[in-house]
K.L.:
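Provided herewith is a single structure, encoded as structure tokens, for subsequent inquiry.
In this text the structure is predicted, and so the values were computed from the model without any measurement.
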Amino acid sequence: MRGLSTTERDAVARAGDAPMLQQVLDWAAINSGTRHLAGVARMADVLADAFAVLPGRIALVAPDPVDSVDGDGRVGALDHGRHLHLAVRPDAPVQMLFTGHMDTVYPVDHPFQSLTMRDDGTLNGPGVADMKSGLSLMLAALSAVEASPLASRIGYEVVINSDEETGSLSSAALLARAARGKVAALTYEPALPDGTLAGARGGTGNFSITVRGRAAHAGRNPEDGRNAIVAASDLALRLHQCRGPRLAVNPARIDGGGPNNVVPDLAVLRVNFRPAGLDDITRAKSEIDAAVAAVAAAHDVHIAVHGGFNRPPKPVDATAERLLTLVQQAGAALDIPVSWRATGGVCDGNNIAAAGVPVVDTMGARGGAIHSTEEFLIVESLAERAALSAVTILRIAERGGL
């Protein structure tokens, strides 16, 4: 670590002394699956208490309204938890954004609820990598920056949302507001086990497409019916045929149907699209419109499309590359090799980049097997990654930007 200044060395030491592992153990023991609103509420309160050590104004912000389509084709409100928002020194010359999420993919009735410390130095448990550990080391890094002589040069906002795992639909506007005027953003999704960061990301869009036909007796007068299941299946096949190297299409589920002797009059098709670029979103929208029109005409059914592209693709432009290079240089000073590569996954980094702010969105701990019962955190990476964040932030503050 010969490339560090005295200020940076002090910050690294302070960050490393933070009780990160204990926080991960405590926070991962709270089930905060996105739909478990009581657990998410408890997690929000715990995080508000923890982040209150930082200066500034902290608030738990009500979620924006979100609609969803149920299995019967009804559109209704979908409740979400509150989001944590912290604003520190909004008048400082350099402004940054730090984001994370408090929710996990494990519902309250999921069998994966316990924590296990393994002999290989990893911690297995729900949300330990994605991203209770990222929240703990974000706090450690910011606390270390606050104790440095450079603190007054930098202001920032922290957003920890409650719905990232389901698309950040109730927090997208909050993230967009927080991103305004920021020179850079760091998001604390986990890095890969070897420390590799995510570079460019594709986008994503989720759709619930309701098909309404006409019921009839399957034996007496089937010709009078309009089979919604058949029409939805035709639509799924047509959309699947739109896939290509720059657009993945996954028809994931069809809800609907009923007794064998009734022509089904309702089906709801769930489809996920993964566009590589903005032009691919335009093409996907055109393909959806064309397929819906063709199926509606061919099967004499009514079709309603609900949903959209909630995560735009995130390219690595020149500004984003400068930020990635700065992180890489901070890593070199810490003897931490840093590289990045494109990934097919999406996160809040997509939305932040779409707001025009360069972002590195895998500044969390090293870990893997996320969204599975094998999810693990590499414990030694907590101090390592907190140090990487602290040095990166301090260098942005000292330079007055990127």
Side-chain angles (χ1 to χ4, degrees), residues 31 33-38 65-80 105-112 163 165-167 169-170 204-244 247-275 281 283-311 371-373:
N31 180 286
T34 314
R35 306 300 333 133
H36 181 212
L37 298 184
V66 176
D67 288 337
S68 68
V69 179
D70 67 16
D72 292 324
R74 293 185 295 258
V75 178
L78 185 64
D79 293 334
H80 289 85
V105 298
Y106 307 102
V108 67
D109 57 353
H110 196 284
F112 185 44
D163 64 342
E165 295 291 8
T166 55
L169 297 176
S170 78
T204 189
N206 291 296
F207 294 81
S208 295
I209 305 176
T210 303
V211 180
R212 296 188 184 276
R214 185 186 307 148
H217 193 287
R220 180 175 296 179
N221 61 328
E223 68 280 357
D224 291 336
R226 299 294 182 265
N227 194 308
I229 293 289
V230 171
S233 300
D234 185 9
L235 182 57
L237 289 170
R238 290 174 189 252
L239 292 175
H240 191 241
Q241 289 169 357
C242 301
R243 71 193 187 282
L247 180 65
V249 184
N250 182 45
R253 176 172 176 159
I254 296 178
D255 296 311
N260 282 355
N261 62 349
V262 177
V263 176
D265 64 353
L266 173 68
V268 181
L269 170 64
R270 320 284 184 171
V271 191
N272 175 253
F273 292 82
R274 298 277 174 156
I281 291 180
R283 182 172 79 84
K285 289 178 177 178
S286 177
E287 297 281 10
I288 293 168
D289 290 343
V292 165
V295 170
H299 296 269
D300 190 20
V301 295
H302 179 268
I303 302 176
V305 179
H306 185 278
F309 288 90
N310 60 305
R311 303 258 196 227
H371 297 192
S372 82
T373 58

K.L.:
Would you name the heavy atoms of A267 and A232 that are closest together and state the gap between them?
P.N.:
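Distance-wise, the nearest heavy atoms are CB-CB, 3.8 Å.
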
K.L.:
Taking atom CG as the centre, does D72 end up with more than 12 heavy-atom neighbours from other residues, nucleotides or ligands that are less than 6.0 angstrom away?
P.N.:
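Yes, enclosed.
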
K.L.:
Less than 4.5 Å apart, any side-chain heavy atom of L239 and any of I209?
P.N.:
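Side-chain contact under 4.5 Å: yes.
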
K.L.:
Give a yes or no on whether the backbone of S372 and the side-chain of Y106 come within a donor-acceptor separation of less than 3.5 Å.
P.N.:
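Pair found, side chain donor or acceptor close to backbone of S372.
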
K.L.:
Applying side chain to side chain contact (heavy atoms under 4.5 Å, CB included) to V66 and H80, what does each step give before you reach the verdict?
P.N.:
CA-CA 8 Å; V66 176; H80 289 85; 3.7 Å; yes

K.L.:
If every non-hydrogen atom of I229 is compared with every non-hydrogen atom of P264, which pair is closest and at what distance?
P.N.:
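Shortest heavy-atom separation between I229 and P264 comes out as CG1-CG, 3.5 Å.
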
K.L.:
Quick one: does D265's side chain have a donor or acceptor within less than 3.5 Å of a partner on G213's backbone?
P.N.:
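Judged by distance alone, no pair lies under 3.5 Å.
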
K.L.:
Between R238 (side chain) and L235 (backbone), is there a donor-acceptor pair under 3.5 Å?
P.N.:
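It does not hold such a pair.
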
K.L.:
Locate the shortest heavy-atom distance separating P251 from H240; write the atom from each residue and the value.
P.N.:
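Heavy atoms only, the tightest pair is CD-CD2, 3.8 Å.
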
K.L.:
Can F207 and V305 be said to form a side chain to side chain contact (heavy atoms under 4.5 Å, CB included), step by step?
P.N.:
CA-CA 7 Å; F207 294 81; V305 179; 3.7 Å; yes

K.L.:
Taking all heavy atoms of R311 and all of G167, pick out the closest pair and write down the distance.
P.N.:
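Scanning both residues completely, I find the closest heavy atoms to be NH2-C, 3.5 Å.
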
K.L.:
Scan for ring pair (Phe, Tyr, Trp, His ring centres under 6.0 Å) pairs involving residues 209-229, sequence neighbours excluded, and state none if there are none.
P.N.:
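Residue pairs passing ring pair (Phe, Tyr, Trp, His ring centres under 6.0 Å), neighbours aside: none found.
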
K.L.:
Would you check if the side chain of N31 reaches a backbone N or O of H36 as a donor-acceptor pair within less than 3.5 Å?
P.N.:
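Side chain of N31 to backbone of H36: no pair is present.
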
K.L.:
So which heavy atom on S233 is nearest to which on I254, and how close?
P.N.:
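Result for this residue pair: OG-CD1, 3.9 Å.
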
K.L.:
Looking at side-chain heavy atoms only, is the closest gap between R35 and P107 below 4.5 Å?
P.N.:
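No; the side chains remain at least 4.5 Å from each other.
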
K.L.:
Can you tell me which residue among N250, D255, N206 is in a side chain to side chain donor-acceptor pair (under 3.5 Å) with R270?
P.N.:
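Going through the options one by one, the only one that passes is D255.
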
K.L.:
In terms of side-chain geometry, is the basic nitrogen of R226 or D300 positioned less than 4.0 Å from the acidic oxygen of its partner?
P.N.:
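Yes, R226 and D300 are salt-bridged.
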
K.L.:
Determine, stepwise, if the pair F273 / I281 fulfils side chain to side chain contact (heavy atoms under 4.5 Å, CB included).
P.N.:
CA-CA 9 Å; F273 292 82; I281 291 180; over 6 Å; no

K.L.:
Which heavy atom of G71 sits nearest to which heavy atom of V268, and what is that distance?
P.N.:
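Looking at all heavy atoms of both residues, the closest pair is O-CG2, 3.9 Å.
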
K.L.:
For H371, check ring pair (Phe, Tyr, Trp, His ring centres under 6.0 Å) against everything at least two apart and list the hits.
P.N.:
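Not a single residue meets the ring pair (Phe, Tyr, Trp, His ring centres under 6.0 Å) criterion with H371.
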
K.L.:
Under a 3.5 Å distance rule, please check whether D163 uses its side chain to pair with a backbone N or O of T166 as donor and acceptor.
P.N.:
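No; zero donor-acceptor contacts below 3.5 Å.
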
K.L.:
Any chance you could lay out the side chain to side chain contact (heavy atoms under 4.5 Å, CB included) test for L169 and N310, step after step, and finish with the verdict?
P.N.:
CA-CA 7 Å; L169 297 176; N310 60 305; 3.8 Å; yes

K.L.:
For N227 and V230, indicate whether the former's side chain and the latter's backbone hold a donor-acceptor pair under 3.5 Å.
P.N.:
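Checked: pair present.
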
K.L.:
Using only atom types and a distance under 3.5 Å, with no angle test, would you say the side chain of H306 pairs donor to acceptor with the backbone of A304?
P.N.:
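No, because the side chain of H306 does not come within donor-acceptor range (under 3.5 Å) of the backbone of A304.
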
K.L.:
Answer whether the closest heavy-atom distance between the side chains of L266 and V211 falls below 4.5 Å.
P.N.:
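L266 does not reach V211 side chain to side chain.
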
K.L.:
With a 4.5 Å heavy-atom cut-off, do L269 and S208 have their side chains touching?
P.N.:
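Answer no - side chains too far apart.
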
K.L.:
Any chance you could measure H302, atom NE2, to T210, atom OG1, to the nearest 0.5 Å?
P.N.:
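If we round to the nearest 0.5 Å, H302:NE2 and T210:OG1 are 9.5 Å apart.
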
K.L.:
Quick one: does R74's side chain have a donor or acceptor within less than 3.5 Å of a partner on V69's backbone?
P.N.:
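A pair under 3.5 Å: no.
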
K.L.:
Using side chain to side chain donor-acceptor pair (under 3.5 Å), reason through D234 and H299 one step at a time and then give a plain yes or no.
P.N.:
CA-CA 9 Å; D234 185 9; H299 296 269; 2.7 Å; yes

